[in-house]
Amino acid sequence: MSFYVVNLPTTRCYVRKEYLYDLRDGKGVGEYEECYWVSVRAVPGMAFYFEAFIPKYGALFDKLPLSAFVWKKDVKIEELIPLDALQIWNCFNWDMKVIVKEFVCGMRCRVYCKDRQYRHGTYLFTIDMGHARADEVDTTLVHHQPEHKTFNFIELDNGQYVAQPNNRIQFMDQSLCPRDLELPDFHVCTRDYTCEEGDKWTFGDTDKWQYKAKGEGE
């Protein structure tokens with residue numbers, strides 16, 4: 001598990017220029033600068049903070065939220081959805097890791113957004129969070145089963161990116177999935193599972209190969 005800041009897969013996109021001017025006085029609205037994602041930072045209780053490289057200026061610019069980016073410039077400003085709909089949960093902890101779920105890499109998907117609208121897009125990568133430091137007290141809910149969530153990054157057809165948990169996304173594999181997907185009615189996992197329950201399976205008092213106990217045969 002990585003701490004606080006991690007590298008991101010190389011992603012070419014555009015930063016909405018008003019974010020480069022701290023959203024002040026309407027400066028830069030409707031303008032875009034080509035950029036590449038470099039890293040992302042996690043601060044508990046805050047949105048992800050992205051760092052982007054802007055080739056035109058040779059500049060690294062950080063502390064940008066997900067709403068600052070689009071993957072195409074011909075977006076309709078009035079159709080852009082706000083940050084709290086792009087990333088519906090703040091970061092849970094300092095510790096995170098970026099992975100690409102290979103099975104669904106590049107797969108088309110349908111996202112149920114906060115405004116109760118379905119939007120389509122393409123899966124990119126995932127950020128998962130945890131508490132990696134056993135010598136420090138975990139004061140978050142990151143390992144509380146009903147509250148743990150991953151952040152799946154999806155490139156939406158409207159030009160934006162979202163970071164959504166599994167239960168907000170339906171992935172569509174053309175070979176495996178039917179044309180009309182059923183809507184899951186599953187329950188959130190609230191249980192902790194362990195393979196070492198009870199005291200019926202103990203072998204600290206034997207050195208036999210395969211730990212065979214009495215009654216199991218030799």
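As a basis for the values below, the full set of heavy atoms in this structure was taken, side chains included, without hydrogen atoms, waters or symmetry mates. Starting from 1, each residue takes its place in the sequence as its number.
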Name the atoms and distances for all side-chain donor-acceptor pairs under 3.5 Å in residues 39-50, with sequence neighbours left out.
unit_1 : atom_1 : unit_2 : atom_2 : d
S39    : OG     : E51    : OE1    : 2.7
R41    : NH2    : D62    : OD2    : 3.3

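- Connection of L176 to L181 is not established within any shared hydrophobic cluster, with ILVMFWY side chains joined at heavy-atom distances below 4.5 Å, either directly or through further cluster members.
- Panel note: side chain N152, backbone Q164; a donor-acceptor pair is recorded below 3.5 Å.
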| task | Under the salt bridge (charged side-chain N to carboxylate O under 4.0 Å, His left out) rule, what do D25 and K27 come out as? Steps first, then yes or no, please. | result | CA-CA 5 Å; D25 305 321; K27 189 174 182 179; over 6 Å; no
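- Applying the side chain to side chain donor-acceptor pair (under 3.5 Å) definition to pairs two or more places apart or across chains, those involving residues 102-116 are D84-K114, R108-T122, R108-D157, R110-Q170, D115-R119.
- The shortest distance between side-chain heavy atoms of I81 and L86 falls below 4.5 Å.
- Put simply, L8 and L83 are part of the same group of oily side chains (I, L, V, M, F, W, Y) that touch within less than 4.5 Å, one to the next.
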| side-chain contact (heavy atoms from CB on, under 4.5 Å) between E18 and L23, intermediate numbers included | CA-CA 5 Å; E18 62 264 36; L23 301 176; 3.5 Å; yes
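- No chain of hydrophobic side-chain contacts below 4.5 Å, direct or via other Ile, Leu, Val, Met, Phe, Trp or Tyr residues, connects Y118 to V111.
- In terms of heavy-atom proximity, W89 sits nearest to Q87 at O-NE2, 2.9 Å.
- Within 6.0 Å of NZ on K73 lie no more than 12 heavy atoms contributed by other residues, nucleotides or ligands.
- Between F125 and F153, the ring center distance clears the sub-6.0 Å criterion.
- Residues Y123 and I154 share a closest heavy-atom pair of CA-CD1, 3.7 Å.
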| request: For side-chain contact (heavy atoms from CB on, under 4.5 Å), just list the numbers for M107 and D173, CA-CA rounded to whole Å, side-chain angles, deciding distance to a tenth of an Å, and then say yes or no. | output: CA-CA 7 Å; M107 193 176 290; D173 184 278; 3.4 Å; yes
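- Hydrophobic clustering of Ile, Leu, Val, Met, Phe, Trp and Tyr side chains at less than 4.5 Å, counting indirect connections, keeps Y4 apart from V38.
- Every residue meeting the salt bridge (Lys or Arg N to Asp or Glu O under 4.0 Å) condition with E33, not counting sequence neighbours, appears here in chain and number order: K17, K56.
- Ring geometry for F69 versus W37: interplanar angle over 60°, hence perpendicular rather than tilted (30 to 60°).
- Pairing each heavy atom of R191 with each of Y193, the nearest pair is CD-OH, 3.4 Å.
- Each of L80 and V162 belongs to its own hydrophobic cluster when Ile, Leu, Val, Met, Phe, Trp and Tyr are linked at side-chain heavy-atom distances under 4.5 angstrom.
- Between the side chain of R16 and the backbone N or O of S67, at least one donor-acceptor pair lies under 3.5 Å.
- With W71 contributing its side chain and L156 its backbone, the two residues share a donor-acceptor pair below 3.5 Å.
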| Candidate pair V15 and L20, rule side-chain contact (heavy atoms from CB on, under 4.5 Å), full reasoning | CA-CA 8 Å; V15 59; L20 303 179; 4.0 Å; yes
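- Not a single donor-acceptor pair under 3.5 Å links the side chain of Y161 to the backbone N or O of L124.
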